[in-house]
Amino acid sequence: MKALKIITSRFVPINIENIDTDQIIPARFLKATTKEGFGKNLFRDWRYENDDEQQPRADFPLNQSQFSGEILVAGKNFGCGSSREHAAWSILDYGFRIVVSSFFADIFKNNALNNGILPVQVTDEFLQKIFGQDNETELTVDLNKQTITINSTGDSAGFAINSYKKTCMLNGYDDIDFLLSNIADIEKYETTTHS
Amino acid sequence: MNTRTHHTYSDSSVPPSGGGGGLTLFEKIWNKHIVKTIDDGPSVLYIDKHFIHEVTSPQAFTGLNKRGIKVFRPRQVVATADHNVPTIDQHLPIKEELGRLQVEALIKNCAEHGIELYGLGHKYQGIVHVIGPELGITQPGMTIVCGDSHTSTHGAFGSIAFGIGTSEVEMVFASQCLLQSKPKLMRIRVEGELKNGVLSKDIVLYILSKITASGATGYAVEFAGSAIHSLSMEARMTICNMSIEMGARCGLIAPDETTFSYIKGRKFAPEAEAWDKKMHEWTKLFSDADAVFDKEIFINAADIEPMITYGTNPGMGIGVSQKIPTTATINENDKSGLAKSLAYMDLQQGAPIIGQKIDYVFIGSCTNSRIEDLRTVASFVKGKKKAAGVEVWIVPGSKQVEAQAIEEGIDKIFEAAGFTLRQPGCSACLGMNEDKIPAGKYCISTSNRNFEGRQGAGARTLLASPLTAAAAAITGVVTDVRTLLN
């Protein structure tokens, strides 16, 4: 997993609420046995007319050249529905490292953190402030300070992350390394508490 | 919440501390499975059973192989092929190449790691959340995970069961544990008697319509009350299955006599002394009278009528006799999305849903594909014919359900009605295989999600109970099934 400390970038706004993981990556594109290459099908059915890559929908932000950057900003309850981690893989593969929303679905949040994508949860009010900015505005997300700042206005907000996950993200550690270092305790639990 | 004004539906937020020290059902199971807790961080939670399937496991096996390690406790893992398998001609090689590669990878990975696989052709193959309970693998008090959000289904037995991502599948492979933070606790009580024509699917669609598709995010939800405990195990599974649609981490129901008698005698159920020992534990699995929940919701069963969804998330549902909401009448959560949803569905604000033309009927999925669902449909359609122009797919949840249906002659009833009984799999619930609803067509479906494109690009899904779906199959339009019941 790639470490993440501080990112300053423009953002891509998708001002839609309840974006489910079927929209992020439709089920018909889950047929791979590796984690790579899902970015080209990110938001597939919102990006193209009639599933035709030759016909991008002009009204969708990923197809609008004025929007770019490593930060995706979306409406509340982002990532609800299916547990498919392919949603996180497609977001990462497309080039995003941070998703900002006013509410995240549980499983998506875990999947994001397990892949080095930082979910930044802000208030509805702050989210609307970001959506109100123009396309050249940069945001700065500082994981160490747990802040997100709209650089042009200086508006800033804090966000929560538990200290274990924060350490993992800052250093690029993953949970499996941690769990494997605890195998002796797990075996002890099996024989004593849970036999 | 604006729905509080409804006189028989209410919610209250209760302070999380200050109770009498009793424990909730969730806490009793959770506490027993904690290996250790990290300061200001998650706990190491021990997992009893791990179900896997072909779509969300290959990358986890690759991860293990890269680390050069084997599955830590292969005997606690059970595999099946369900998500992308065809539902006709299962004896033939899978035609679609990428799907076939995933199924082949599962066979190879299970063989290499010593995992039991109920693959295509096996008499126990089926949808992962159907086979676990029917084989008696799912038991009260367990922690159960699977790389599929509808793992919440197994909570109907009084277990903590939840869906995980593929990185987490790899974690459980590697250590039989997960890092988890304790969720908040909610109890939803449904009290009283259900009206005629109302099934457990209607209960859960009703709850969703009240609390919305994010109403339980961050919570473990215990379903309780006389209406819940009057239900069969299969009906309870339908409710816990869709707890994820409220955003819940998991849903669970305290085990009772109905639970114990369902499990007894099944393939992997404990026997003799082992059964007695388990019963000693299982009968203690309930929320203590003085246990405290972070939130409580009360629902009067008599208020629930057959439900149907009109929009593009499962919280967008109404009683079948009601009109589609308008931006003035809809809840805050769905207000901003209503116009987009209805444009996708090509439905109008304020219009009745009854009479809406239907092109496809899908009866299946981990929500409603069990033998009771098939019996309910068969008993309703016996002697009737499907409407002209409607395509009806019945997809049993497992080989065992299929065999039972054939033994009972249910297949003949479906055949006479013009329905097609297919072979087990997830099928048109998510359209990963060739069972897709064409763009623009309306499908009344007993599955769990009506998201845009869920059943195929451009497909329009109306979620309903097996009975309401069967009624539409006969009339060709959305129908209040109560008008057709004796």
Side-chain angles (χ1 to χ4, degrees), chain A residues 1 15-18 20-23 26-28 30-35 44-46 50-51 75-77 80-89 103-108 110-115 162-167 174-180 182-183 185-186 188-190 193-194, chain B residues 32-33 35-36 38-42 44 46 55-56 58-59 62-63 67 69 72 83-84 98-99 101-102 105 147-149 163-168 170-171 174-179 181 183 213-214 217-218 244-245 247 249 313 333-334 336-337 340 430-432 439 449 451-454 457:
Chain A
M1 200 173 83
N15 194 355
I16 297 173
E17 294 178 354
N18 298 310
D20 59 77
T21 54
D22 272 86
Q23 306 320 311
R28 62 188 188 280
L30 306 185
K31 295 179 181 181
T33 51
T34 65
K35 296 181 183 182
R44 175 80 187 206
D45 290 342
W46 287 350
N50 309 318
D51 200 19
K76 75 173 175 213
N77 199 24
C80 57
S82 159
S83 61
R84 61 190 68 166
E85 194 162 317
H86 312 68
W89 298 335
F103 201 72
F104 289 94
D106 269 348
I107 302 177
F108 176 80
N110 282 340
N111 287 342
L113 287 166
N114 285 333
N115 286 280
N162 77 50
S163 60
Y164 166 79
K165 275 293 176 194
K166 181 175 174 176
T167 306
D174 70 30
D175 285 357
I176 298 178
D177 298 329
F178 178 83
L179 286 166
L180 287 172
N182 280 280
I183 285 290
D185 286 338
I186 295 166
K188 190 171 158 225
Y189 168 87
E190 285 180 322
T193 321
H194 209 62
Chain B
K32 200 182 168 197
H33 287 83
V35 175
K36 65 195 288 187
I38 305 167
D39 291 339
D40 188 29
V44 177
Y46 192 80
V55 175
T56 59
Q59 292 88 349
T62 305
R67 288 170 201 264
I69 54 175
F72 180 57
H83 274 63
N84 69 26
L98 293 173
L101 289 175
Q102 281 188 328
D148 186 281
S149 60
I164 56 177
T166 299
S167 294
E168 293 169 312
E170 189 181 339
M171 289 172 210
S175 68
Q176 204 56 37
C177 286
L178 276 176
L179 289 168
S181 300
S214 60
T217 302
I244 180 66
E245 311 314 335
R249 181 85 61 84
N313 77 54
N333 185 67
D334 292 317
S336 73
K340 183 175 188 292
L430 80 169
M432 268 200 83
R449 289 186 175 137
F451 298 148
E452 285 184 31
R454 171 80 179 180

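Labels below follow one simple rule: chain letters A, B, ... track the order of the sequence lines, proteins then strands, and each chain is numbered from 1.
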task = May I have the step-by-step check of salt bridge (Lys or Arg N to Asp or Glu O under 4.0 Å) for Arg454(B) and Asp45(A), ending in yes or no?
result = CA-CA 11 Å; Arg454(B) 171 80 179 180; Asp45(A) 290 342; over 6 Å; no

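- Heavy atoms closer than 4.5 Å to chain B are found in both the backbone and the side chain of Asp175(A).
- Counting heavy-atom pairs closer than 4.5 Å to chain A, the top residue among Leu101(B), Leu179(B), Leu178(B) is Leu179(B).
- Lys35(A) and Gln59(B) make their closest contact through CG-CG, 3.7 Å (heavy atoms, listed as atom of the first residue, atom of the second, distance).
- Distance check: Arg28(A) CZ to Leu430(B) CG gives 11.5 Å after rounding to the nearest 0.5 Å.
- Considering Asn114(A), Ile176(A), Asp174(A) as possible partners of Glu170(B), the one that fulfils the side-chain contact (heavy atoms from CB on, under 4.5 Å) test is Ile176(A).
- Looking only at side-chain heavy atoms (C-beta outward), Val44(B) and Tyr189(A) stay at 4.5 Å or farther from each other.
- Contact tally against chain A (heavy-atom pairs below 4.5 Å) for His83(B), Arg249(B), Met171(B): the top residue is Met171(B).
- Within the 4.5 angstrom heavy-atom criterion, only side-chain atoms of Ile38(B), from C-beta onward, approach chain A.
- Gln102(B) contributes a side-chain N or O that, together with a main-chain N or O of Ala32(A), makes up a donor-acceptor pair within less than 3.5 Å.
- Per-residue heavy-atom pair counts under 4.5 Å with chain A were compared for Gln176(B), Lys340(B), Glu245(B), and the maximum is reached by Lys340(B).
- Pairing each heavy atom of Ile107(A) with each of Gly165(B), the nearest pair is CG2-N, 4.4 Å.
- Most heavy-atom pairs under 4.5 Å with chain A: of the set Ala105(B), Gly247(B), Cys177(B), this distinction falls to Cys177(B).
- If you measure heavy-atom distances from Asn115(A) to chain B, the contacts under 4.5 Å come from the side chain alone.
- Looking at Asp106(A), both its backbone and its side chain come within 4.5 Å of chain B, counting heavy atoms on both sides.
- For a residue to count as touching a neighbouring chain, one of its non-hydrogen atoms must lie under 4.5 Å from one of that chain's; by this rule Asp40(B) touches chain A with backbone and side chain alike.
- Listed here is the closest heavy atom pair of Thr62(B) and Thr33(A): OG1-O, 4.0 Å.
- Contacts of Phe104(A) with chain B are made by backbone atoms alone, with heavy-atom separations under 4.5 Å and no side-chain atom involved.
- Smallest separation of non-hydrogen atoms from Glu452(B) and Trp46(A): OE1-NE1, 2.8 Å.
- For the atom pair CD (Glu85(A)) and CD1 (Ile164(B)), the distance works out to 9.5 Å, reported to the nearest 0.5 Å.
- Of all heavy-atom pairs between His86(A) and Val55(B), the closest is NE2-O, 3.7 Å.
- Atom CD of Glu17(A) is separated from atom CG of Asn333(B) by 7.0 Å, given to the nearest 0.5 angstrom.
- Using a 4.5 Å cut-off between heavy atoms, Ile69(B) contacts chain A through its side chain alone, with no backbone atom that close.
- Considering only heavy-atom pairs separated by less than 4.5 Å from chain B, the leading option among Leu179(A), Asn50(A), Asn162(A), Asn111(A) is Leu179(A).
- At a cut-off of 3.5 Å, with distance as the only test, a side-chain donor of Lys36(B) or Asn182(A) sits close to an acceptor on the other residue.
- The distance from the OG1 atom of Thr217(B) to the CZ atom of Phe103(A) is 4.0 Å, given to the nearest 0.5 Å.
- Across Asp334(B), Asp148(B), Ile244(B), Asn313(B), the residue that shares the most heavy-atom pairs under 4.5 angstrom with chain A is Asp148(B).
- The contact between Lys76(A) and chain B is made entirely by side chain atoms (from C-beta outward), counting heavy-atom distances below 4.5 Å.
- Taking CG of Leu180(A) as the reference point, atom CZ of Phe72(B) lies at 9.5 Å (rounded to 0.5 Å).
- In this structure, chain A has heavy atoms under 4.5 Å from both the backbone and the side chain of Val35(B).
- Interface remark: Ser167(B) contributes backbone and side-chain atoms alike to the contact with chain A (heavy atom separation under 4.5 Å).
- Taking chain B as the reference chain and counting heavy-atom pairs below 4.5 Å, the highest number among Cys80(A), Ala105(A), Ala87(A), Ser82(A) is found for Ser82(A).
- Atoms CG and OG, on Asp185(A) and Ser175(B) in that order, are 11.5 Å from each other to the nearest 0.5 Å.
- Contact between Asn84(B) and Lys31(A) at its shortest, heavy atoms only, is CB-CE, 4.2 Å.
- For chain A, the nearby parts of Ala174(B) are the backbone and the side chain; heavy atoms of each come within less than 4.5 Å.
- The contact between Asp39(B) and chain A is made entirely by backbone atoms, counting heavy-atom distances below 4.5 Å.
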